[in-house]
Amino acid sequence: VNLKLYRGTFVIHCYSPYSIAWAKILERKNLKFLGFIDISENGFKDRFMNKYVHKNLDTINNKIDYVFIINRRKKICNQIKENYLSNGFNKKNIFPIHLTDKY
């Protein structure tokens with residue numbers, strides 16, 4: 001992973017085994033992981049990262065510097081990104097990570 005990010009905090013939107021792996025990678029980049037955001041899977045503590053899966057950002061009481069959107073579909077990533085942009089996040093601090101729309 002060759003991301004040039006400054007220190008800060010981050011959340012990952014969309015909970016999955018793939019997003020757990022990304023959380024571990026990003027923590028090695030001197031970033032502090034605050035938790036997962038997922039509308040359909042929430043309300044529990046992930047046993048690998050020991051962080052909660054939240055329904056939305058309102059339940060996280062810390063300042064969030066970066067949002068990583070991890071979903072297999074590019075279209076879904078872009079829709080989620082638009083929601084964050086409309087809520088005041090800077091597009092330079094939102095990172096959609098997707099595989100492909102064809103599978």
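Keep in mind the model is a prediction, meaning the values are calculated, not measured. Note that these values count all heavy atoms, side chains included, but never hydrogens, waters or copies made by symmetry.
- Among residues two or more places apart in sequence or in another chain, the ring-ring contact (aromatic ring centres under 6.0 Å, His included) test is passed with Phe44 by Tyr15.
- Here the closest non-hydrogen pair linking Gly8 and Tyr66 is CA-CE1, 4.5 Å.
- Closest approach of Gly35 and Lys51 over heavy atoms only: CA-CB, 4.0 Å.
- The two residues Met49 and Phe36 make their nearest non-hydrogen contact at CG-CZ, 4.2 Å.
- Put simply, Tyr52 and Leu57 are part of two different groups of oily side chains (I, L, V, M, F, W, Y) that touch within less than 4.5 Å, one to the next.
- In this structure, Ile37 and Lys55 approach most closely via the heavy-atom pair CG2-O, 3.9 Å.
- Between Val53 and Glu41, the shortest heavy-atom contact is CG1-O, 2.7 Å.
- We find the OG-CD1 distance between Ser19 and Ile12 to be 5.5 Å, quoted to the nearest 0.5 Å.
- Ile39 and Leu34 fall into different hydrophobic clusters, where Ile, Leu, Val, Met, Phe, Trp and Tyr are joined by side-chain heavy atoms under 4.5 Å apart, directly or via other members.
- Listed for the Thr9 side chain is a donor-acceptor partner under 3.5 Å among the backbone atoms of Asp65.
- Tyr84 and His13 have their aromatic ring centers within a separation under 6.0 angstrom.
- Side-chain atoms of Asp38 and Ser40 include a donor-acceptor pair closer than 3.5 Å.
- Atoms CD1 and NE2, on Ile70 and His98 in that order, are 11.5 Å from each other to the nearest 0.5 Å.
- With contacts defined as side-chain heavy-atom distances shorter than 4.5 Å, the pair Phe89/Val67 qualifies.
- Distance alone, capped at 3.5 Å, places no donor-acceptor pair between the Asn93 side chain and the Asn90 backbone.
- Between Phe68 and Trp22, the angle of the ring planes stays under 30°, which puts this pair in the parallel group of the 30/60° scheme.
- Judged by distance alone, with hydrogens and angles left aside, the side-chain atoms of Asn30 form no donor-acceptor pair with the main-chain N or O of Arg7 at under 3.5 Å.
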